[in-house]
Amino acid sequence: MQTNNNCIVIFGASGDLTHRKLIPALYNLFKFGRLNKFSVLGVARSELNDNTFREKMREALLETEETTPETLDAFCSHLYYQAVNTSDAADYGKLVPRLEELHTKYQTNGNTLYYMSTPPSLYGVIPECLAAHGLNEEKDGWKRIIVEKPFGYDEKTAQELDVQIHRFFEEHQIYRIDHYLGKETVQNLLVLRFSNGWFEPLWNRNFIDYVEITGAESIGVEERGGYYDGSGAMRDMFQNHLLQVLAMVAMEPPAIINANSMRDEVAKVMHSLRPLTQDDVEHNLVLGQYTAAEIDGKEVKGYLQEKGVPANSRTETFMALRCEIENWRWAGVPFYVRTGKRLPARVTEIVIHFKTTPHPVFSQNAPENKLIIRIQPDEAISMRFGLKKPGAGFEAKEVSMDFRYADLADEQVLTAYERLLLDAMKGDATLFARTDAVHAAWKFVQPILDYKDAGGRVHEYEAGTWGPVAAEKLIAKSGRVWRKPSGKMKKKV
Ligand code: BG6
């Protein structure tokens, strides 16, 4: 039987992700009784010790989580720290007695979850250094390794990284985390589609006109200019998070819900994306970069003025793409996907636009039929359709039927990191990206990277707007417009 009793070893323990996401997620799992026998061993170069590490984590938790002194003390007593020079294999020897001591103390039977929350340059190094001391071997308890994004930098480096990790860890031990898959509303997409009989007959090219996927953020690059400049919207959001969301919209029903059959279907979608041609990257892609503006009376910097960003950077902070999936379900249905920083709202949503009636009986401008799936914030599902406007005649107007997650008042919804950490401890890889899908995604986006490298155009857009005008033109070519969602779902009726 799978057990989540284990020692969680976090590499990069003095970094941002550890105190912002990982420790709070573990704290909440502990608080809600989902962790029992466990310890957390923070590892990094900084010369901290158990006490100073605990103190730092305690401060971080006090800032962001609802805590009580008892729970906080109890949780922090499970935290430990080991300074290691993470690029020196010999130094990893220090982990051997530390892990032995923790497994004995917490009766965790050698089960170890490694989390690489480090700069990507260490993703190939850490597995090798662990293997030098046998710390990857599963003869006494399971050993799993979580890899944070970015998984590679392009198709070639992703393959190289895979080869490096696979030398020491088998695929069943590798958990590539994409936190979008941990979001309750992303998973709900599957339940919505596959546990209801009425969507399936409509969910195809015969009834769907087009699909819109938006991952908008109102923030800029904040303190992460250095990282972001080497990444851009394409690598930071599109290649992973948004393509995963697209796969959830487009995939076939898996035979059963388990890691293999689910991920088989995701991989099939990635493989069915119509390869982008030169014409596509020139006419169906828009890249953008935000410029300075005043938003709500405040001056907002342009991307080129952000800390860590070179003054001549061509990195895109926005991208919009029209793409297609070549299979029987979706042939000919355009998927319009966009993402960007410094847009007017923080909102991630999917809009399924259904075809209109074949003949307009009541008015020329028949209301559209759409299903809006709001991933975040204000998580909701809204069905929009036409009903009679009260009064004389038969004029139709758009109304909506809404479901809001907030209405499920008593349910404790796990955050993405809580859910994914728990799944990794339980050995459930269903919501983690599999190597074949990751490579197919890189292969699909490679022409975009090539286009950029060859000097492809990056348009400017003012911070606080919905991206470059070219993005409006991209969708307008087919007579359509992007939805302009606000952070809150508006009630239509
Ligand atoms: C991260 C990106 O993976 O996702 C960030 O690196 C982005 O740039 C973030 O802000 C968005 O995540 P969420 O959960 O806030 O939508």
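Atoms within a ligand are numbered from 1 in the order they appear, just like the ligands themselves. Here the structure is a predicted model, which means the values were calculated and not measured.
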Q) To which of Gln376, Arg224, Lys183 does the heavy atom nearest atom 14 (O) of ligand 1 belong? A)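 Considering heavy atoms of Gln376, Arg224, Lys183, the nearest to atom 14 (O) of ligand 1 sits in Lys183.
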
[X] neighbourhood, listing ligand 1 atoms whose heavy-atom distance to it stays under 4.0 Å:
X      : value
Lys341 : 5 (C), 7 (C), 8 (O), 10 (O)
Lys149 : 1 (C), 2 (C), 3 (O), 6 (O)
His241 : 1 (C), 3 (O), 4 (O)
Glu217 : 7 (C), 10 (O), 11 (C)

Q) Are Tyr92 and Thr86 linked by a side-chain donor-acceptor pair shorter than 3.5 Å? A)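 Looking only at side-chain atoms, Thr86 and Tyr92 do not form any donor-acceptor pair under 3.5 Å.
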
Q | Note: Glu294-Lys298 ion pair, threshold 4.0 Å (strictly below) | A |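 Not counted as a salt bridge, because no side-chain N and carboxylate O are separated by less than 4.0 Å.
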
Q) Cation over ring, Lys183 on Tyr180, under 6.0 Å and within 45°? A)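 The answer is yes; both the distance and angle limits are met.
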
Q. So is Arg193 actually on top of Phe199's ring, under 6.0 Å and inside 45° of the axis?
A.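 Not flagged: Arg193 not positioned over aromatic ring of Phe199.
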
Q) Is the closest heavy atom of Tyr228 to ligand 1 under 4.0 Å? A)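 No; Tyr228 lies far enough from ligand 1 that no heavy-atom distance drops under 4.0 Å.
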
Q) Going by heavy atoms, is Asp236 under 4.0 Å from ligand 1? A)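 Distance cut 4.0 Å: Asp236 passes for ligand 1.
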
Q) Which protein heavy atom lies closest to atom 4 (O) of ligand 1, and at what distance to 0.1 Å? A)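 Going by distance alone, atom 4 (O) of ligand 1 is nearest to His179 CE1, 3.4 Å.
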
**Q.** Protein heavy-atom partner closest to atom 15 (O) of ligand 1 - residue, atom, separation in Å
**A.**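 Looking at atom 15 (O) of ligand 1, the protein heavy atom closest to it is Arg346 NH2, 3.2 Å.
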
Q.
I'd like to check the salt bridge (Lys or Arg N to Asp or Glu O under 4.0 Å) partners of Glu265; sequence neighbours left out, ordered by chain and number.
A.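 In terms of salt bridge (Lys or Arg N to Asp or Glu O under 4.0 Å), with neighbours along the sequence ignored, Glu265 is linked to Lys268.
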
Q: Could I get the full list of ring-ring contact (aromatic ring centres under 6.0 Å, His included) partners for Tyr210, not counting sequence neighbours?
A: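 With sequence neighbours excluded, Tyr210 shows a ring-ring contact (aromatic ring centres under 6.0 Å, His included) to Tyr336, His353, given in chain and number order.
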
(Q) Using the rule given for salt bridge (charged side-chain N to carboxylate O under 4.0 Å, His left out), can you reason through Arg457 versus Glu316, listing the C-alpha separation, both sets of side-chain angles and the distance that settles it, and then say yes or no? (A) CA-CA 10 Å; Arg457 175 142 187 219; Glu316 79 288 357; over 6 Å; no

